[in-house]
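Convention: sequence-line order gives letters A, B, ...; per-chain numbering from 1. Every heavy atom of this structure was used, including side-chain atoms; hydrogens, water molecules and symmetry mates were not. Bear in mind the structure is a predicted one, so any value in this text is a computation, not a measurement.
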Protein chains: 2
Amino acid sequence: MTAAGNHQASRPVGRRLERAGIRDVAAAAGVSITTVSDALNGKGRLPDATRRHVREVADRLGYRPSAAARTLRTGRSGLIGLTVTTYGEEPFTFTEFAYFAEMARAATSAALARGYALVILPASSRHDVWGNVALDGTVVVDPSDQDPVVTELVRQGVPVVSDGRPAGSLPVHAWVDNDHEEAVLGILDHLAAAGARRIGLLTGTSTDTYTRLSTTAYLEWCERIGQEPVYEAYPAHDPCAGAVAADRLLARPDRPDAVYGLFDPNGTDLLAAARRYGLRVPDDLLLVCCSESTGYAATEPPITTLSLKPRRIGTAVVQLLIDAIEGVGPAHPVQQVMPTELIIRTSSQRRPHRTTVSPPRTSARGEG
Amino acid sequence: MTAAGNHQASRPVGRRLERAGIRDVAAAAGVSITTVSDALNGKGRLPDATRRHVREVADRLGYRPSAAARTLRTGRSGLIGLTVTTYGEEPFTFTEFAYFAEMARAATSAALARGYALVILPASSRHDVWGNVALDGTVVVDPSDQDPVVTELVRQGVPVVSDGRPAGSLPVHAWVDNDHEEAVLGILDHLAAAGARRIGLLTGTSTDTYTRLSTTAYLEWCERIGQEPVYEAYPAHDPCAGAVAADRLLARPDRPDAVYGLFDPNGTDLLAAARRYGLRVPDDLLLVCCSESTGYAATEPPITTLSLKPRRIGTAVVQLLIDAIEGVGPAHPVQQVMPTELIIRTSSQRRPHRTTVSPPRTSARGEG
DNA sequence: ACCCTCAGAAGGAAGGTTTCTGCATGATCG
DNA sequence: CGATCATGCAGAAACCTTCCTTCTGAGGGT
């Protein structure tokens, strides 16, 4: 070839911040580039002496392999995406915020433990951002069937695992979800056992699977038990609408004597509404809502909540995703159903009804 | 040696879906690679006709530029890190969780709006993860002066902006923080104005700047006012220790008639402790704590909180970081002090003391 | 003495982009 | 009419690593 441009063999021009490259390490150690790569990555056949020597020199030079170059070469970036659908401008949903925060936390831990880092990417973010980051795979929270980003990713062959059953025929590699039907049935039974005669539901207008499955379970339970359904639906992403819906529910002529709210803020919404109507909780109204917020332990009265165990879900989702990325585990789609937990507090335990004064022999302090 | 045949079969998933490269686009469009690159990136001198044509072809082929290649070439990854110091295994601190969640949310939005994505990276995570991801810059939350990761990043010339004044001489490019002293003084004045005679403090044992500045401000206020300081300190990262410390504080012979708690859970901790000692809030004890949790609006009674406005901080931190990355803005370190907000609720407003029965002429419902 | 084997190490080709340089072409101007 | 210049586009280097292939001796078997 033309010997024209071959000049800068070992002279760093100095314009950069002098990050040592593998070349520099090779030169300093008196070996070839290949040997350096092999020594540092534990590959090839090298005597321990060489390996040690190379590592030492690399350390001395403060050598850090270029993530970009490695990614380009190996096709692996060590990055996995965490995608949430958004309403409006904010990257996270409001209603599921405590859930999402916990889930993201667990997912981050799990990813890290296997050497991956997590990138937060709202589904509706600028397309260029999605294009600009090399992802080995993606976790999608509550994917909608129309989600263009997820569809595109799947088309490109990027593994996708979803938290929540994928709506429609979205071809994700695996999903993890709670058994929402069972959870709702459990709550309804719990409320009925506490003495509820007419159980109401505060639900959402959106078509995601969580809302749909929960509502269906409620309706079926009503049919089975022979109770007329009493429910109000509202757009769950609107924080104010919940309070209004709670109020509407308790204003009905066929007012329920127990309510389950599907979304996190429903507990306080319902509590406020109950106060407005002079209803005592739990004496006149039993309350349960689905929430991860610890705040419900400190309301007056404390409110029984259903936890979806987001920690477990976040962990499971990431494990499945990384398995898919690394080719471990089954090639077929995996569906994993995780249990929920009902945290029973005062709001769903009816006190002996005769007297409101004498406490039922239990001291005020909870244990531990 | 022990490298027992790490033979990653080169077909883990087996489905590299022949992503179209820039070469393919060039061939299909009948132009050179250069022209494609220029056309898509809006550079070079090309007539609109060519530009349109190339874009069309690229679209038709579903061409997505390789993020890795672009990063390698340009040195920009479009990724910024979000680093939190950790206690134990969990990636986020417990005590600042609501704060962190809000802050991270705002940071994600701000980054996205400028075309960057956020990577969550605990400071104490495995070193290989740090090395494996190419960051254009990093946000560090509450950096400790001994943090090896941050030091290393700065050494490599990666821009670092911190949320919270950097401890020691950590050479960050900029920082954003609240005016903690002013916030504490404001709270103390507020409590004094509400009738507090002896204000206690629930603080932490750690040496971070938040704790230190707040405590100092308290002590100075006490000296100025002539009140004997009454405080308890506990390890803030231990969730149980807070409850114990709250109890200790209220058990003291010189029991305060008002308390400010520096950490998020202190509100409920103090409330529980007050109940145990039969103290009514706010009649016998005024309460304020620093928290971003909306739950404190629904406790009984609602608790006055100091908000550090994490949204604003997250946004500001990211703006400064990206400015530094892109070379916009001042080259000198920037310090930005953000205001706080005191959300006054029942727990810090002493009712007229004579009667506990008659409400002070205000109806129960707030104005909508 | 010769060939074969194998450890140890090096060479060099991708990998896909951006971008600097440079070559044509046709237009403009002195 | 020739020199200059703007325009439109192409070639190829560089970014840094990984890994497949090849080279070189040295030692051992026949």
Side-chain angles (χ1 to χ4, degrees), chain A residues 1-13 15-27 29-54 58 61 63-78 131-134, chain B residues 1 3 6-10 16 18-27 29-54 58 61 63-78 131-134:
Chain A
M1 325 328 161
T2 65
N6 238 354
H7 253 319
Q8 70 225 55
S10 55
R11 290 289 167 226
V13 189
R15 61 185 177 185
R16 280 239 177 251
L17 243 65
E18 311 251 357
R19 274 234 309 172
I22 198 175
R23 231 190 317 260
D24 306 314
V25 178
V31 295
S32 77
I33 293 181
T34 306
T35 303
V36 174
S37 178
D38 284 349
L40 295 178
N41 295 339
K43 305 198 170 177
R45 9 168 231 213
L46 300 177
D48 274 5
T50 309
R51 237 176 254 282
R52 259 199 308 274
H53 176 225
V54 169
L61 297 188
Y63 167 70
R64 297 263 156 246
S66 147
R70 172 175 289 170
T71 300
L72 178 58
R73 183 62 235 240
T74 63
R76 290 279 171 78
S77 66
N132 261 337
V133 41
Chain B
M1 2 209 8
N6 202 355
H7 258 320
Q8 289 286 69
S10 54
R16 275 304 161 204
E18 293 296 339
R19 283 222 309 166
I22 197 175
R23 239 188 308 261
D24 305 315
V25 179
V31 295
S32 77
I33 292 181
T34 307
T35 304
V36 175
S37 179
D38 283 349
L40 294 178
N41 294 340
K43 304 198 169 179
R45 324 169 281 209
L46 299 178
D48 275 3
T50 310
R51 236 175 257 280
R52 261 198 307 274
H53 176 224
V54 169
L61 297 188
Y63 167 70
R64 296 262 152 250
S66 149
R70 172 174 288 172
T71 301
L72 178 58
R73 179 62 232 230
T74 63
R76 289 280 170 77
S77 66
N132 262 338
V133 41

Check your understanding: Does B:Thr50 put a side-chain nitrogen or oxygen below 4.0 Å from OP1 or OP2 of D:dC9?
Key -> yes
Point to revise | Separation of D:dC16 C1' from B:Asn132 CG (nearest whole Å) | key: 14 Å
**Study point:** Closest contact, heavy atoms only, A:Gly131 versus B:Ala67
**Key:** O-CB, 3.9 Å
Practice item. Compare side-chain N and O positions of B:Ser37 against OP1 and OP2 of C:dT17 and report whether any pair is under 4.0 Å apart. Key: no
Study note, to complete from the structure: When B:Asp38 and B:Ala68 are each assigned the nearest nucleotide of DNA chain C, the 5'-most assignment goes to B:Ala68
Check your understanding: To the nearest 0.5 Å, what is the distance between OG1 (B:Thr71) and CG (A:Leu72)?
Key -> 9.5 Å
Practice item. Check the distance between C:dT19's P and B:Leu40's CG and give it to me in whole angstrom. Key: 13 Å
Practice item. Rounded to the nearest angstrom, tell me the gap between atom CG in A:Leu46 and atom P in C:dG8. Key: 8 Å
Check your understanding: If you check the B:Thr34 side chain, which of C:dG16, D:dA10, C:dA13 turns out closest?
Key -> D:dA10
Point to revise | Nearest-angstrom distance from the residue atom CZ of A:Arg76 to C1' of D:dT17 | key: 16 Å
Exercise for review: Applying side-chain contact (heavy atoms from CB on, under 4.5 Å) between B:Val36 and each of B:Leu40, B:Ile33, B:Asp38, report the one that passes.
Suggested key: B:Leu40
Review point. Rounding to a whole Å, what distance do you find between B:Asp48:CG and D:dT7:P?
Key: 13 Å
Review point. What's the spacing between A:Arg70 CZ and A:Ile22 CD1 if we round to 0.5 Å?
Key: 9.0 Å
Review point. Can you tell me if the side-chain N/O atoms of A:Ser66 get under 4.0 Å from OP1 or OP2 in D:dC16?
Key: no
Study note, to complete from the structure: Among the nucleotides C:dT17, D:dC16, D:dA10, whichever has the atom closest to the side chain of B:Ser32 is D:dA10
Point to revise | Nearest-0.5 Å distance that lies between atom NE2 in A:His53 and atom CG in A:Asp48 | key: 14.5 Å
**Study point:** Phosphate-side-chain proximity, B:Lys43 and C:dT19, N/O vs OP1/OP2 below 4.0 Å
**Key:** yes
Review point. Which is true for A:Arg45 with a 4.0 Å heavy-atom rule: it touches a base, it touches only sugar-phosphate, or it touches nothing?
Key: base
Review point. How close or far is atom P of C:dA13 from atom CD1 of A:Ile22, stated in whole angstroms?
Key: 17 Å
Review point. Counting side-chain heavy atoms from C-beta on, which of C:dT18, C:dA9, C:dG15 comes nearest to A:Arg73?
Key: C:dG15
Practice item. Nearest-nucleotide wise, let me know which of A:Gly21 and B:Ile33 is further upstream toward the 5' end of DNA chain D. Key: B:Ile33
Study note, to complete from the structure: Comparing nearest nucleotides in DNA chain D, the 5'-proximal residue of the pair B:Leu72, B:Val31 is B:Val31
